[in-house]
Amino acid sequence: MIEVRYERGVYLPEQDLWLDPWDAKPFAFISHAHSDHIAPHEEIILSERTSRLLQHRMPGHRTEHVLPFGEKGTVDGLDLMLLPAGHIFGSAQCFLFAGDETLLYTGDFKLRPGKSAERAQWRHADTLIMETTFGLPRYRFPPTEQVIDQIVAFCRETIEAAQVPVLLGYSLGKAQEILCSLDGAGLTPMLHGSVYRMTRIYEQFGQSFCNYVRYNANEVAGKVLICPPSANRSQMLEKIPHRRVAMISGWAVDPNAIYRYGVDAAFPLSDHADYDDLIRYVGLVRPRRVFTLHGFAAELASDLRMRGVEAWALSEENQMELDLGGRDIALRCPDGAARRPYRSPPQSEFLAFANIGEAIAATPAKLEKIRLLADYLRGLTSEQLPIATLYFTARAFAQSDLRTLQVGWAIIFRALQAATHIDDTELHRIASAHGDAGRSAFEILDGRTAPQLFSIRDSRELFENLHRARGPNAKAKLLQNRLSILSPREGEYVVKILTGDLRIGLREGLVEEAIAKAFDVPLEEVREANMLSGDIGQTALLASRKELHRAELSLFRPIKCMLATPQPTAEAVWERFAGATDTDRTAALSMRATVYLEDKFDGIRAQLHRAAQRVEIFSRDLRRITSQFPELADQARNFQEELIIDGEIIAFQEDRRLTFFDLQRRLGRTSDGTDLFARAAADVPVAFVIFDLLWLNGQSLVKTPLRERRRHLDGLRLPSQFQIARVIPAHSAAEIEQTFQQARQRLNEGLMIKDPESFYLPGTRGMFWFKLKKELATLDVVVVAAELGHGKRNNVLSDYTFAVRDEVTGDFLPIGKAYSGLTDAEIAELTEHFKQNTIADHGRYRTVKPDVVLEVAFNSIQPSTRHASGLALRFPRIKAIRRDKNVDSIDTLQYARELASQGASYRPVLAEARK
DNA sequence: CCTGATGCGTC
DNA sequence: GTCGGAC
DNA sequence: GTCCGACGACGCATCAGG
């Protein structure tokens, strides 16, 4: 008989033909266009409709043999015929003639007539290779009409309860079947983007559906949303506050289906044959032998044998058994080294590092943290010192090193799961118990790994390899391999570094102090060297060799920028200057009583270095952004001097109001193709507003007063597109307030207030520069959802989604999130309240009874797709809990929209900067 | 091909 | 960017 | 005063998956 093999797909060696192989093959039959059946094969046999669908799902060149249903054809010397499989649109079975023998391969199939798939046909065959997803007697589906009635009833009841029904089904096939089922029920389906696209293709083939609309976050009310299963728990659905989700799948007959899928309901409408139809099909085809495939293949084969049919399962079970064996060994011997009493176990270097981290976390006293770290650093080799020091700033790469890892929460958890084979529910329990990736990693790895030694050098290689690996899958695999041989503590610290968050109450400031203490060098020198090199590891190394003086300010090595301290009012600012008593600076100041005011521009902070041969522009955290602004770099060559200027790059055009969001559109673009930037520059023209001068013709001006630096600045000849921010001297709080108002009328963010006698203090937010911003307005909103926080806010509901009222429908539409602004006590109180007023608990996230009114402040409001209101707030913060207000008195969507449109309708008044 | 999720950097 | 809290 | 941690929205790039 025809030889049949299985290796990630059915293979017929005599015909050299693959049937639905997983991987790319030279010659294959493709039964249908679901993506688990698609790979870049060279030459394929398929139906016409599958061909069309494939063009959309996997464009590209290949040789296609398109055969009509029911007609015998010859391809590469093989005689065969395609028969409709009834699974989805275009799905085919392959009927093969080999001498006087025949073989029927079903692919995915079903016998029940579907509304959006061709009806299945069959022929007698000697060999039947059959898909058996639902090969157990418990999978018997109720009559289709009955299931459809249930689905329609579910939708109607949900809508009547002012909620949104969401039906989950694959975007190709199932979704259209659902769509047909809703026909005539008086419901309006709304289709997720991927469903929409597939449905349009169906229509090209002449299939017609009832009226439907494409997904639009603002119009879900009253509609029936149809989404692929992957959309469940997605942000798209989470945004819909009152939704009831139903899974449409054959698996719905499992009693625990709603828990497994995390849905509110499940209906057994399937694209596959149920148990009864599988048995029936064998009777129809009357084969001499059967091979079963997928799902309960072994069970059905055994079942058929009991019924007197020769039947065998095609599968890869051996592979899985091997995997389980490996894990078992790891479990039994989690820490081999510790159980050998004869040799003292070699200490893992990375574990020593992690243990110091734990000790630092354990003490709240800063001086104690510094002492612990200093002692540790002193004992390291010159190879280890720069690396371990860097790790204590939770970085894998130095600040001046522009590499990134592209590894985040999602990849970390995937790797943890794969490394430990941990149970899904257990993983989620642990993850939600901590809300801290590092702590979760410890618990997940604990007892589930076979630790090996991990040196500091190994760790460096790990991070470099992670950086080099391309794509989330490759990165996850690399990480998984390492995690599986780390002790839990080491794994925890690897994760902490990956997330850039050590959470041990220690950051760069204290690391600098520890370096100073460890090597007995002045703290100021350490800070300065770190600032100049942007590499704390190298700074530690220089400190250990007493060579810190080697680092000095120079062109093309960016320095951290000076920051401003926020102030709420003009009076508060003035107090800072006039109220101080005892320094020379304030004495001099109160005599002259002068401060410098500048408009605060809403762009991105930039530091430009220019010499005769070269120009570079750096961002606030010292990244090179020269290539983002080629026209500025070009023009900067026209300066006459060698200089470093500090300023703000803003989106700017004479006759157009451009905002920060316009500017953002040309940030972060990568430079493949020069015309990309030509277009970007034309789209969003920019200007460089200069407000400081740090270097001029070979001399650092960092330690010259701002007054002097400004004087030098005034002497510069400026290329076009460069402007100097105007300075307005002020002598009282009233003048500051007045100038602030003027700045706002010029549509600038607010005001900068600077001490004219101050030096340029890189990287510090001192008492020499202040900023005055003030909120745009406040909104009274109601909290509709609350979320558990992270780290120390792990056990409180600290994150609130709040909504305005739609004055037409009465719905509460989310407009933003915030916790910032509340005290710990208030958060604790609200946590208690929300726990008792929860409508639906989704683990870390819960929808709550809308009865807490907050007053939120923000700096601007603009259209957005992030929230259902269609609006979002910039810099939202909570001003007060309005216990005096009830839900009925909160602000309306209408009012929020007015605020948004006001901001946009101002006549442009241009930045009054001197050219 | 398009959509959505994720990571990162800007504010 | 925002803010509150701890030292 | 200063640092630290726990958070917001947006846009671009990249990748996975339909």
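Naming: A, B, ... by sequence-line order, numbering from 1 per chain.
Across the interface with DNA chain D, nearest-nucleotide mapping of Pro863(A) and Gly668(A) shows Pro863(A) to be the residue nearer the 5′ end. Residues Ser864(A) and Leu506(A) both approach DNA chain D. Their nearest nucleotides, taken by heavy-atom distance, put Leu506(A) toward the 5′ side.
Using a 4.0 Å heavy-atom criterion, one finds that Asp799(A) contacts the sugar-phosphate atoms exclusively. In this structure, Lys771(A) reaches the sugar-phosphate backbone alone: every heavy-atom distance under 4.0 Å involves primed, P, OP1 or OP2 atoms, never a base. Note on Val407(A): only backbone sugar-phosphate atoms sit closer than 4.0 angstrom, heavy atoms only; bases stay farther off. As judged by a 4.0 angstrom heavy-atom cut-off over every strand, Arg877(A) is placed among residues touching the sugar-phosphate backbone only. The residue Thr764(A) sits apart from the nucleic acid: no heavy atom pair falls under 4.0 Å. Counting non-hydrogen atoms under 4.0 angstrom, Arg200(A) reaches nothing in the nucleic acid. No engagement by Lys879(A) is indicated, since no non-hydrogen atom pair under 4.0 Å with the nucleic acid exists. Within 4.0 Å (heavy atoms only), Pro228(A) reaches no atom of the nucleic acid at all. Residue contacts shown for Thr565(A) are absent, as no nucleic acid heavy atom lies under 4.0 Å away. At the heavy-atom level, Asp501(A) lies nowhere under 4.0 Å from the strands shown.
Between the CZ atom of Phe858(A) and the P atom of dC7(D) there is a distance of 22 Å, rounded to whole Å. To the nearest angstrom, P of dA9(D) lies 13 Å from CD of Gln664(A). The nearest whole Å value for the distance from the CD1 atom in Ile650(A) to the C1' atom in dC11(B) is 15 Å. Distance CD1 (Ile878(A)) to P (dT2(C)): 16 Å, rounded to an integer number of Å. Residue Ile625(A) contributes atom CD1, which lies 8 Å from atom P of dC11(B) at whole-angstrom precision. Rounding to whole angstrom units, NZ of residue Lys369(A) and P of dT2(D) are separated by 20 Å. When the C1' atom of dG11(D) is taken as reference, atom CD of Gln628(A) falls 12 Å away, rounded to whole Å. Atom pair Arg765(A):CZ and dC3(C):C1' shows a separation of 12 Å (rounding to whole Å applied).
Of all nucleotides listed (dG1(D), dA9(D), dC11(B)), dG1(D) comes nearest to the side chain of Arg576(A). Between dC7(D), dC11(B), dT6(B), one nucleotide has an atom nearer to the side chain of Glu749(A) than all others, and that is dC11(B). Closest to the side chain of Lys773(A), out of dG1(C), dT10(B), dA6(D), is dG1(C). Residue Arg605(A) has its side chain nearest to dC11(B) when only dC11(B), dC4(D), dT3(B) are considered. Checking dC11(B), dG9(B), dG11(D) against the side-chain heavy atoms of Arg623(A) singles out dG9(B) as nearest. Out of dC10(D), dG7(B), dC11(B), the shortest distance to the side chain of Asp602(A) is found at dC11(B). Looking at the side chain of Leu405(A), the nearest of the listed nucleotides dC10(D), dC8(B), dG8(D) is dC8(B). Of the candidate nucleotides dT10(B), dC4(D), dA6(D), dC4(D) has the atom nearest to the side chain of Arg507(A).
For dG17(D), neither phosphate oxygen OP1 nor OP2 lies less than 4.0 angstrom from any side-chain nitrogen or oxygen of His34(A). Between Ser194(A) and the phosphate of dG4(B), there is no side-chain N or O to OP1/OP2 separation shorter than 4.0 Å. Taking 4.0 angstrom as the limit, Arg197(A) places none of its side-chain polar atoms (N or O) nearer than this to OP1 or OP2 of dC1(B). For dT10(B), the OP1/OP2 oxygens have no side-chain nitrogen or oxygen of Arg666(A) closer than 4.0 Å. Taking 4.0 angstrom as the limit, Asn473(A) places a side-chain polar atom (N or O) nearer than this to OP1 or OP2 of dA16(D). In terms of phosphate contacts, Arg503(A) brings no side-chain nitrogen or oxygen within less than 4.0 Å of OP1 or OP2 of dG5(D). Between Arg52(A) and dC1(B) there is no side-chain N or O to OP1 or OP2 distance below 4.0 Å.
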Would you tabulate the nitrogen or oxygen pairs shorter than 3.5 Å linking the protein to nucleotides 4-7 of chain C?
| unit_1 | atom_1 | unit_2 | atom_2 | d |
| --- | --- | --- | --- | --- |
| dG5(C) | OP1 | Asp824(A) | N | 3.0 |

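Residue pairs meeting the side-chain hydrogen bond (donor to acceptor under 3.5 Å, both in side chains) criterion with at least one member in residues 863-874 of chain A, sequence neighbours excluded: Asp602(A)-Arg874(A). Residue pairs meeting the salt bridge (charged side-chain N to carboxylate O under 4.0 Å, His left out) criterion with at least one partner in residues 819-828 of chain A, sequence neighbours excluded, are Arg793(A)-Asp824(A).
To the nearest 0.5 Å, atoms CZ (Phe652(A)) and CZ (Phe601(A)) are separated by 9.0 Å.
Judged by distance alone, the side chains of Asp646(A) and Gln607(A) never bring a donor and an acceptor atom under 3.5 Å apart. Thr199(A) and Gln176(A) are linked by a side-chain donor-acceptor pair at a separation below 3.5 angstrom, with hydrogens and angles left out of the test.
A gap of 40 Å separates the P atoms of dG5(C) and dG4(B), to the nearest Å. Between the P atoms of dC7(D) and dC11(B), the separation comes to 22 Å (whole Å).
With sequence neighbours left out, the side-chain hydrogen bond (donor to acceptor under 3.5 Å, both in side chains) criterion links Lys517(A) to no other residue. With sequence neighbours left out, Glu598(A) forms a side-chain hydrogen bond (donor to acceptor under 3.5 Å, both in side chains) with Arg710(A), Lys754(A). Listed by chain and residue number, Ser459(A) satisfy the side-chain hydrogen bond (donor to acceptor under 3.5 Å, both in side chains) test with Tyr391(A) (two or more places apart in sequence, or in another chain).
Between His467(A) and Phe397(A), the ring planes are perpendicular. Angles over 60° get that label, and only those under 30° would be called parallel.
Between Phe577(A) and Phe770(A), the distance separating the two ring centers is shorter than 6.0 angstrom.
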